[in-house]
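Counting starts at 1 for both ligands and their atoms, following the listed order.
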Amino acid sequence: MTRNFLFLVGAARAGGNTEMLARRAAKALPGDVEQCWLRLPELPLPPFEDRRHGAGSHPEPGENEQLLMDATFAATDIVVVSPVYWYSVAASVKLYLDYWSGWMRLPVEFKAKMRGKTLWGVSVLSETAREAQPLIGTLELCAEYLSMNWGGVLLGNGSRPGDVLLDADAMSAAETFFDRALVTA
Ligand SMILES: Cc1cc2nc3c(=O)[nH]c(=O)nc-3n(C[C@H](O)[C@H](O)[C@H](O)COP(=O)(O)O)c2cc1C
């Protein structure tokens, strides 16, 4: 099966450590693996409205929402590329995940389409791996809820842009991070 990787970059600045680390990992993917890169802050979504429990149906998707939904469905692998912000994912990523709840209530077979995809994370933080646990747990539990495969999180250390390039362990782990995807392809 051809793998189609969707990289969703949630950082609130362009060209930061998280994207650098993700690009290094992506570079190791074979050429026949398709890659789609989207920066969530450049595809803003309206505040999520919880219309469950009798408050009507999920609103008709706008242009950015439709683009994100289509890219999500087209992917075999979704890579959340998010810095650790206050121990968790960036707000743009959290909003995207909240929209999953809306998509569950559209006639698009959301759960069936998500089942069997693989969810991955790439993240950078200035503290230690301990402080990344809420981000890791968020992504892993989202994957579990939707019967997705869990790819794990590639973690790097850094604060100023470029710091992560000096994190030799992370750079080395990036080279083989996606290998598991190819074994099961
Ligand atoms: C809003 C915000 C919250 C942050 N919260 C944390 C945190 O909880 N723990 C941490 O180690 N670093 C935290 N940082 C530092 C970033 O994780 C770090 O600078 C990272 O390199 C940013 O990603 P980027 O380089 O891809 O933009 C925070 C940075 C910002 C802007």
Side-chain angles (χ1 to χ4, degrees), residues 3-29 33-50 64-65 67-68 71-72 75-101 117-145 148 150-181:
R3 302 293 282 248
N4 183 338
F5 274 64
L6 172 63
F7 293 85
L8 292 171
V9 183
R13 65 181 174 189
N17 294 301
T18 318
E19 188 169 343
M20 284 178 204
L21 184 59
R23 295 241 174 228
R24 180 64 62 100
K27 215 171 144 198
L29 283 169
V33 172
E34 288 178 36
Q35 296 186 25
C36 171
W37 289 77
L38 296 176
R39 295 202 72 254
L40 292 173
E42 290 168 11
L43 295 166
L45 297 170
F48 174 70
E49 285 180 53
D50 181 1
N64 289 345
E65 181 183 349
L67 189 154
L68 286 167
T72 299
T76 57
D77 295 80
I78 298 170
V79 189
V80 169
V81 181
S82 174
V84 171
Y85 284 169
W86 293 109
Y87 312 108
S88 190
V89 291
S92 62
V93 172
K94 182 58 169 55
L95 184 58
Y96 163 76
L97 294 174
D98 286 354
Y99 267 76
W100 283 7
S101 294
K117 296 184 192 295
T118 302
L119 185 66
W120 310 80
V122 178
S123 188
V124 172
L125 76 169
S126 53
E127 296 173 274
T128 67
R130 185 184 82 98
E131 284 80 15
Q133 293 313 304
L135 177 146
I136 295 168
T138 295
L139 296 179
E140 185 171 5
L141 289 171
C142 286
E144 187 181 307
Y145 185 80
M148 300 172 78
W150 174 232
V153 173
L154 170 64
L155 209 55
N157 187 262
S159 182
R160 297 177 67 85
D163 280 352
V164 77
L165 301 175
L166 305 173
D167 180 345
D169 288 346
M171 285 293 131
S172 158
E175 301 290 338
T176 55
F177 181 58
F178 291 126
D179 280 4
R180 211 162 355 127

Closest non-hydrogen atom pair between Arg3 and Thr76, with its separation: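 Heavy atoms only, the tightest pair is CA-OG1, 3.4 Å.
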Closest non-hydrogen atom pair between Leu8 and Leu40, with its separation: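 Reported closest heavy-atom pair: CD2-CD2, 4.0 Å.
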Plane angle bin for Phe7 and Trp37 - parallel if under 30°, tilted between 30 and 60°, otherwise perpendicular: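 Parallel.
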Asn157 side-chain N/O to Glu127 backbone N/O, donor-acceptor pair under 3.5 Å: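 A pair under 3.5 Å: yes.
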Heavy-atom side-chain proximity of Ile136 to Trp150 below 4.5 angstrom: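 Side chain of Ile136 against side chain of Trp150, heavy atoms only: contact under 4.5 Å found.
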Donor + acceptor pair across side chains of Glu131, Thr128 (<3.5 Å):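 Yes, a side-chain donor-acceptor pair sits under 3.5 Å.
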Every residue of the protein that comes under 4.0 Å of ligand 1, judged on heavy atoms: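 If the criterion is a heavy atom under 4.0 Å, then ligand 1 touches Arg13, Gly16, Asn17, Thr18, Pro83, Val84, Tyr85, Trp86, Tyr87, Val124, Leu125, Ser126, Glu127, Gly158, Ser159.
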